[in-house]
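Inspection log for the structure reproduced underneath, given as structure tokens.
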Amino acid sequence: MNSISVTLVLLCATLPVALSLIEGLVYNGNFEHGPKSWQLSGSHILDPHALPNWVISGFVEYIKSGQKQGDMVLPVPRGNSALRLGNNASIRTTIQVTKGLFYSLTFGVSRTCAQDEKLNLSVIPNSEANDSAMLPMQTMYSTDGWDTFSWGFLAEASKVDIVFHHPQTDKYNPGCGPIIDLVALKAFPPHTRRQGIVKNGNFEEGPYVIPNTTWGVLIPSNIEDDHCPLVGWVVESLKAVRYIDSDHFAVPEGKRAVELVAGRESVIAQTLRSIPNTVYNLEFFVGDAKNLCEGSMLVEVFAGNSTFRVPYESKGKGGSKLVRLQFKAVSSRSKIRFLSSYYHMKSDFSGSLCGPVVDGVRIRVAPRA
Ligand SMILES: *[C@@H]1O[C@H](CO)[C@@H](O)[C@H](O)[C@H]1NC(C)=O
Ligand SMILES: *[C@@H]1O[C@H](CO)[C@@H](O)[C@H](O)[C@H]1NC(C)=O
Ligand SMILES: *[C@@H]1O[C@H](CO)[C@@H](O)[C@H](O)[C@H]1NC(C)=O
Ligand SMILES: *[C@@H]1O[C@H](CO)[C@@H](O)[C@H](O)[C@H]1NC(C)=O
Ligand SMILES: *[C@@H]1O[C@H](CO)[C@@H](O)[C@H](O)[C@H]1NC(C)=O
């Protein structure tokens, strides 16, 4: 007991102040504190400092719940308001963080015009001039017209600026661009738990999930590994994977898991240290998220030079089974990868993509026979 309290005191002494924001919405991350009427022309925000805690540039609109563009209601996921980033628009917020810790950013977006809307995310300062990511909004995964994305970064100072930039312009419609709402942040503990040889094999360390939302959090593809908010893993594919939690979905183990939502186009992978010619036991759960994703599923697992196909019959009501496999390492590094052989859609005719859930990945050296 004594040694634990001593350790805590030391931790508090070495990590001053900034731990106040561990996880949750950033201040005014839901944009409920809006501009005054004289700072607006219609919904266009005229004053760059009209929104508490944010600085805007370019054509940014303040969208109220129920607001329409033509016949289409612009989606506001929660509360009364959201922002829309039009021509070459950006929004920036400064936050207190703990230098040296890894953070993940969670935010809701909806595309409103073009198929190929993109968002350029960056964190300043950073030592790499190119430390930003272009997130495509091409595939919308949920049917609420709304998705939640996540992105990770290492804090290189105790105060950082987070910038969302919509780089495109449309001369006929300056407002065209994605809507943003619910910007949240989460700090990760400095060390990641291992389950045997695998880092974060139960997926407990991942992005913040916004409470009372039913769409999970997408972990995007095509970002650099050090921006993957799923600690230890990379999304090695064209499309995202969905991070789900036990408050809103069925999860095989613990509180969090990953749903492979885009067939062969959503892949999670991890590279491990291994001893050549050694046999390893690989264990994991395959299941379904209790989200009406029904049918015969097949998860493909690649480990070292071995390939496995694991069937799972989903009734869409939540369930899982434990799978045990063996592979032999062929080198000092082995990659494990998981993907879904098939595409699945929810049985509610919504057209929503879904798929098998993977959780509890553990690898150990196999006992010698
Ligand atoms: C976008 O905005 C930035 C900052 O205001 C400006 O420097 C840049 O020239 C603009 N780009 C275009 C294409 O309008
Ligand atoms: C994305 O934003 C960063 C920081 O503002 C900038 O340096 C970078 O050039 C932008 N990337 C693109 C492709 O616009
Ligand atoms: C970013 O810059 C670093 C060095 O500054 C370089 O090593 C890395 O390859 C660059 N990444 C991309 C995607 O250009
Ligand atoms: C989530 O919903 C429950 C029940 O409706 C409510 O009590 C709770 O305050 C909500 N939490 C948030 C963060 O909105
Ligand atoms: C493992 O796979 C790689 C790539 O396909 C191949 O080059 C290598 O020869 C294989 N090694 C063994 C021992 O099968």
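All residue numbers refer to positions in the sequence shown, counting from 1. Because only heavy atoms are used, hydrogens play no part in the values below, and waters and symmetry mates are left out as well, while side chains stay in. Just follow the structure's listing: the first ligand is 1, and inside any ligand the first atom is 1.
Between the side chains of Arg309 and Ser341, no donor N or O sits under 3.5 Å from an acceptor N or O. Judged by distance alone, the side chains of Gln67 and Arg84 never bring a donor and an acceptor atom under 3.5 Å apart.
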At less than 3.5 Å, what protein N or O atoms come close to the N or O atoms of ligand 1? Include the distances to 0.1 Å.
unit_1	atom_1	unit_2	atom_2	d
ligand 1	2 (O)	Asn88	ND2	2.4
ligand 1	11 (N)	Asn88	ND2	2.8
ligand 1	14 (O)	Asn88	ND2	3.2

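Residue-environment remark: NZ (Lys159) stays at or below the threshold of 12 foreign heavy atoms within 6.0 Å.
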Listed pairs under 3.5 Å, donor-acceptor, residues 319-326 side chains, sequence neighbours left out:
unit_1	atom_1	unit_2	atom_2	d
Lys321	NZ	Pro311	O	2.7
Arg324	NE	Glu283	OE2	3.3
Gln326	NE2	Asn281	OD1	2.8

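Formation of a donor-acceptor pair under 3.5 Å by the Gln270 side chain with backbone atoms of Gly232 is found in this model.
Ring geometry, Trp54 versus Phe164: the interplanar angle falls from 30° to 60°, so the pair is classed tilted.
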